[in-house]
2 protein chains.
Amino acid sequence: MDYDKYAHEPFAVTVDLAVLTIAEGALHALLVERGQEPYAGHWALPGGFVHPDESAETAARRELAEETGLSDLSGLHLEQLRTYSEPDRDPRMRVVSVAFAALLPDPPEPHGGSDAAEARWVPYDKAGPLAFDHDRILADAHERVGAKLEYTCLATAFCPPEFTLGELQQVYETVWGTVLDRPNFRRKVLATPGFVEAVPGAARLTGGRGKPAALYRAGPAATLHPPLLRPSPEGRPA
Amino acid sequence: MDYDKYAHEPFAVTVDLAVLTIAEGALHALLVERGQEPYAGHWALPGGFVHPDESAETAARRELAEETGLSDLSGLHLEQLRTYSEPDRDPRMRVVSVAFAALLPDPPEPHGGSDAAEARWVPYDKAGPLAFDHDRILADAHERVGAKLEYTCLATAFCPPEFTLGELQQVYETVWGTVLDRPNFRRKVLATPGFVEAVPGAARLTGGRGKPAALYRAGPAATLHPPLLRPSPEGRPA
DNA sequence: ATGACTAATAGTCACTACGACTATAAAGGG
DNA sequence: CCCTTTATAGTCGTAGTGACTATTAGTCAT
């Protein structure tokens, strides 16, 4: 392969982040208002160019911090989604974008950052037409996260370090858009080894309206065996 | 975002393909012997530069045809794996590579192609140290395919248009490295709607040593509900 | 307090899925 | 013809799951 022959090609590499969280019982995405052309004034996913000395993962974390001013990225779950490389996806030049799905518990307040006029959490359904192909990236992220809830412990990434089973169930219900039976959900989660583990001596007392719930932490397992399948929308046999 | 500021950055975008097939009851990967530096003479995954006017998917198909001389790419299943972007993954320049997992039934004979001195099917275990980070890409592809066999109909991508349940079972056994109970596997596959459908009036007669097996085609389903979980290596509860 | 309301947790029951089997059928090879 | 091989049929006990009912332990309004 002749490298130098291609070294002058006008390829730019960017990252785009579909950052999801759960607020007020609804799925929210983190969007920024673009300050520059193209699509100035439109809403878009946070993202930006990968620098010459960093990986896409590093660039994703940096851009997220820069554009949205989020300070606490400790609980951030970051995961490659896929790479979008259609030649015409950016009207100005050839841009290949590595997209990420990111999950965050307890959404912190974003501040508009360097390249973005403003950053805001927007309910997933109301994340209107976005710039570039970001609508599709966001939809792909939602689909991927929904699928991974079935067979991985990903749901805990939406939760703070200590959480109740009710909160965990809300994650599933919110992302899937379904209602789950509480006792059955509880039985299933507790029967899956390594999914969650009880916090030694605590129960959330004040705040909630009902009986205080026990607190749990994410367990050591990464995958769910057996999986927690989402209910069949219609005549699916399982 | 100031596009022009980055337009000169020496980013090259390539594709790499982990092409898998099953031959003689073993998992094989398609490798090429590199003709140029770096890593001249080493074995590597097929791949190459993305052209300015094509997507990564298009480039993947083109490179596969060019480098390995495979003519029949009709049954090829191509799927993005992930993008590898560590700054030092190529010793000569900054290369971001979009990796693909590809599945092919009935491995055709490859011919060395344009950039590759030679192309060959190599048993997965004997795919020694490869150039760049291709060992990792190949391992990631294997892991991904193994996982997707559990909850998607991907296994049929390893099979010709018409196949027996024995062949389908061999796909699972080969990729997972396990042995499955034949009657149970059969029951499970036939009980999953849309996974396979019987070919109207046929049964493979000659060739095999035992009772002739019925022929099946891939069904319309894309995902498996419920999933076909691989047996627990040890004390996993399911 | 006291009773309504809410949410967490415990438990039941029937049905289905699945792992581990045994048995039979239909080919080929000595 | 028997023996081997592979496909297919069927059985049985158990674990997992959906749809429930019941109890417990808090808050809130009166």
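In what follows, every chain begins at residue 1, and chains take the letters A, B, ... in the order their sequences are listed.
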Atom CG of B:L228 and atom C1' of C:dC18: how far apart are they, to the nearest Å? 11 Å
Measure the distance from CD on B:E167 to P on D:dT6 and round it to the nearest whole Å. 13 Å
Whole-Å distance, A:L229 CG to C:dA17 P, equals 12 Å
Atom-pair distance (CG on A:L180; C1' on D:dG18), nearest Å: 12 Å
Do you know which two heavy atoms are closest between B:E197 and B:P220, and how far apart they sit? OE1-CD, 3.8 Å
Identify, with sequence neighbours excluded, every residue that meets ring-ring contact (aromatic ring centres under 6.0 Å, His included) alongside B:H42. B:Y39
Using whole Å, what does the distance between atom P of nucleotide C:dA27 and atom NZ of B:K211 come to? 8 Å
Heavy-atom nearest nucleotide on DNA chain C for B:R209 versus A:Y216: which residue maps closer to 5'? A:Y216
In chain order, what residues pass the salt bridge (Lys or Arg N to Asp or Glu O under 4.0 Å) check against A:R61, with sequence neighbours excluded? none
Length of the NE2-P vector between B:H225 and D:dG18, whole Å: 12 Å
The salt bridge (Lys or Arg N to Asp or Glu O under 4.0 Å) partners of B:R120 (sequence neighbours excluded) come to B:E118
Would you kindly give the CG-to-C1' distance between A:L224 and D:dG16, to the nearest whole Å? 14 Å
Salt bridge (charged side-chain N to carboxylate O under 4.0 Å, His left out) contacts touching residues 15-27 of chain B (sequence neighbours left out): B:D16-B:R89
Residue-level proximity of residues 181-188 of chain B to DNA chain D when a heavy atom falls under 4.0 Å: B:R182, B:P183, B:R186, B:R187
Could you check how far CG of B:L165 sits from P of D:dA9, rounded to whole Å? 10 Å
Distance-only donor-acceptor hits, side chain of residues 141-148 of chain A, under 3.5 Å, sequence neighbours excluded:
residue	atom	partner	partner atom	Å
A:H142	ND1	A:Y124	OH	3.3
A:H142	NE2	A:V175	O	3.0
A:R144	NH1	A:L81	O	3.4
A:R144	NH2	A:Q80	O	3.3
A:R144	NH2	A:L81	O	3.2
A:K148	NZ	A:E79	OE2	3.0

